[in-house]
Amino acid sequence: MAVTEGHILNVWIFFSIFLRFGIFADGQIVYSTTEEANPGTTVGNLAKDFNLNLQDIERRGFQIVSETNRRYFDLNLKTGVLHVKERIDREDLCEQNAKCSLPLEAIVNSPLNIYRFEVNVLDINDNPPLFRTSKTTLNISELAFPGEQFALPSAFDADVGINSVKSYKLSANEHFSLDVQSGGEQSVSAELVLQKALDREKQPLIELKLIAVDGGKPPRSGTMQVIVNVEDVNDNIPVFSKSLYKARLNENSPPGTSVVTIQASDPDEGVNGQIVYALVNHDNDKNVESFSIDPETGEITVKGDVDYERKNAVEFRVQAQDKGHKPRAALCKVLLEIVDINDNVPKISVTSLVNNVKEDAPIDTMVGMITVTDNDAGKNGQVTLKMQGSAPFKVQNSYNNYYTLVVNGLGHTEE
Ligand SMILES: *[C@@H]1O[C@H](CO)[C@@H](O)[C@H](O)[C@H]1NC(C)=O
């Protein structure tokens with residue numbers, strides 16, 4: 001069938017009527033106006049659409065009678081045109097309903113006639129997405145695995161349809177991405193997804209911005225601050241400032257003498273980073289038992305006897321352990337050099353002695369053996385032996401600390 005000009009005209013008329021006011025099954029007239037339209041904006045021509053004679057509508061008292069919706073509209077009695085009288089807020093009238101339709105009635109008298117029609121209030125993007133609060137805090141363990149999801153608050157947009165929340169964005173950051181669920185009937189929501197493992201010791205607080213965007217043209221957006229509080233896990237062991245602590249200590253130092261202070265640190269938070277020091281002495285070594293360590297400060301002090309002569313160096317281990325629920329520990333070594341002081345007197349012992357010596361005994365005749373000992377070390381232990389008084393004898397060093405007593409002159413001296 002050829003498309004005639006007349007056919008096109010009919011179609012055009014049909015659509016132009018349909019676009020200006022929809023015709024429902026019952027033939028009711030429906031006008032449309034956008035919310036927030038300025039007073040005076042034309043909504044539709046009532047006189048024309050209801051076939052009223054312009055000449056007598058004023059005389060017949062043409063007026064809108066609907067109690068509640070009358071305030072928004074005005075009739076021009078010269079033209080029969082319906083105008084916006086008062087600003088209309090769609091959100092105030094219809095809240096979140098996708099369709100916002102105001103039923104209206106107009107009348108004329110003599111004869112009385114009632115005309116029913118509707119005005120559809122169309123949404124405009126006059127509301128931005130809003131979050132309930134401007135800031136939210138998430139506590140996330142530093143042990144969380146990449147891929148873990150964390151729920152985020154949703155934004156609310158008073159507008160409907162295309163003008164409601166359509167997407168979410170996240171500020172650029174190293175650790176998180178956004179998983180946005182949308183499409184179909186469901187409302188749009190967003191989840192935070194961990195992409196890269198966290199480390200509280202590097203960054204305890206991560207500040208993000210969550211942005212909700214609506215589908216209006218132009219779109220509007222709302223922002224919320226998301227603070228990620230990275231929760232500590234006891235994932236660090238204590239670390240000593242040195243692996244070997246060396247110190248010198250005079251022997252016989254009294255109890256309480258400070259020897260050396262051990263220092264370890266642990267970057268974990270709270271109890272996970274608090275350190276307790278202890279001496280390790282699994283072998284019940286008496287030399288180690290002469291020392292004690294302050295569990296809090298790490299200061300090692302003398303507790304018992306420190307005797308160079310018993311041991312000239314003491315070695316032991318110190319443990320530093322944090323106070324975490326599952327504590328972590330580390331060990332270091334302490335090497336103490338005990339410094340000798342001259343606390344021993346030389347001991348002289350005569351190991352053998354001849355009781356009688358002939359007066360003509362020749363010089364260098366051996367009459368006795370003497371042993372000298374000194375427990376001190378080095379110079380403190382070196383002994384020199386001297387004879388006091390006058391006697392016809394002298395001491396001779398024979399070997400190490402062994403001396404001999406020999407005749408040095410005539411026994412019958414008569415001077
Ligand atoms: C996050 O942890 C803090 C303590 O560090 C606590 O006061 C707060 O209630 C926690 N917040 C949530 C949402 O669990």
Side-chain angles (χ1 to χ4, degrees), residues 238-265 275-321 329-353 366-389 391 393-406 408:
V239 176
F240 289 98
S241 61
K242 298 177 195 171
S243 58
L244 176 66
Y245 291 83
K246 284 185 187 172
R248 286 161 63 87
L249 174 67
N250 285 343
E251 64 169 329
N252 300 342
S253 290
T257 303
S258 180
V259 181
V260 65
T261 298
I262 308 303
Q263 204 257 319
S265 59
I275 290 171
V276 180
Y277 299 95
L279 296 185
V280 178
N281 187 15
H282 291 317
D283 311 317
N284 297 321
D285 183 343
K286 287 271 183 298
N287 297 299
V288 177
E289 282 170 3
S290 298
F291 298 93
S292 68
I293 190 164
D294 184 314
E296 299 292 326
T297 66
E299 186 186 27
I300 294 175
T301 49
V302 174
K303 188 170 81 177
D305 293 337
V306 184
D307 187 0
Y308 172 91
E309 285 71 38
R310 196 169 70 202
K311 190 122 198 217
N312 61 11
V314 181
E315 185 187 310
F316 51 83
R317 283 176 296 169
V318 170
Q319 184 193 55
Q321 188 177 59
L331 293 166
C332 74
K333 264 198 175 168
V334 177
L335 198 56
L336 299 182
E337 186 190 331
I338 309 300
V339 179
D340 180 55
I341 57 170
N342 196 9
D343 60 336
N344 287 284
V345 293
K347 280 184 206 143
I348 303 175
S349 52
V350 178
T351 47
S352 67
L353 193 62
M366 194 166 79
V367 293
M369 275 180 67
I370 299 165
T371 310
V372 184
T373 52
D374 189 321
N375 280 331
D376 292 320
K379 287 204 166 125
N380 293 333
Q382 281 170 16
V383 181
T384 49
L385 212 57
K386 271 194 286 187
M387 289 273 295
Q388 276 180 340
F393 303 106
K394 68 170 180 182
V395 284
Q396 268 184 344
N397 192 212
S398 63
Y399 169 73
N400 274 0
N401 294 332
Y402 298 99
Y403 295 85
T404 50
L405 190 63
V406 296
N408 193 30

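What you see is a predicted model, and the numbers here were worked out from it, not measured in a lab.
With contacts defined as side-chain heavy-atom distances shorter than 4.5 Å, the pair T261/T297 does not qualify. Counting heavy atoms from C-beta outward, T371 and Y403 have side chains that stay 4.5 Å or more apart. Contact check for R310 versus S290: side-chain heavy atoms found under the 4.5 Å cut-off. Annotation: side chain of N401 is not in contact with side chain of V383 (no heavy-atom distance under 4.5 Å). D340 has its side chain out of reach of N312: every pair of non-hydrogen atoms, C-beta onward, lies at least 4.5 Å apart.
Judged by distance alone, with hydrogens and angles left aside, the side-chain atoms of Y277 form a donor-acceptor pair with the main-chain N or O of A264 at under 3.5 Å. One N or O on the side chain of D285 and one on the backbone of N287 form a donor-acceptor pair closer than 3.5 Å. Within the 3.5 Å criterion, the main-chain N or O of T404 finds no donor-acceptor partner in the side chain of Q396. No side-chain donor-acceptor contact under 3.5 Å links D294 to the backbone of I300. Formation of a donor-acceptor pair under 3.5 Å by the Y308 side chain with backbone atoms of N375 is not found in this model.
Interatomic distance, E289 CD to D283 CG, rounded to the nearest 0.5 Å: 10.5 Å. In this structure, CD1 on I293 lies 5.5 Å from CD1 on I262, to the nearest 0.5 angstrom. Interatomic distance, M366 CE to L353 CG, rounded to the nearest 0.5 Å: 10.5 Å.
Summarising the geometry of F240 relative to A320, their closest heavy-atom pair is CZ-CB, 3.4 Å, with the distance given to 0.1 Å. L405 and I370 get closest at one heavy-atom pair: CB-CD1, 4.5 Å. For the pair S258 and E299, the tightest heavy-atom approach, listed with the atom from each and the gap, is OG-OE2, 2.6 Å. Considering all non-hydrogen atoms of both residues, V280 and L331 come closest at CG2-CD2, 3.8 Å. Closest approach of Q319 to A329, counting heavy atoms only: NE2-CB, 3.7 Å. Taking both residues in full, the closest heavy atoms of P346 and D374 are given as CG-OD2, 3.6 Å, listed atom of the first, atom of the second, then distance.
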Stepwise side-chain contact (heavy atoms from CB on, under 4.5 Å) check, K286 with K311 = CA-CA 10 Å; K286 287 271 183 298; K311 190 122 198 217; over 6 Å; no
How far apart are the C-alpha atoms of L335 and Y245, what are their side-chain angles, what is the distance that settles it, and do they pass the side-chain contact (heavy atoms from CB on, under 4.5 Å) test?
-> CA-CA 6 Å; L335 198 56; Y245 291 83; over 6 Å; no
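Under the salt bridge (Lys or Arg N to Asp or Glu O under 4.0 Å) criterion, the residue pairs touching residues 329-338 are R248-E337, E315-K333, with sequence neighbours excluded.
Partner of P295 under the side-chain contact (heavy atoms from CB on, under 4.5 Å) criterion, chosen from V276, I275, L279: V276.
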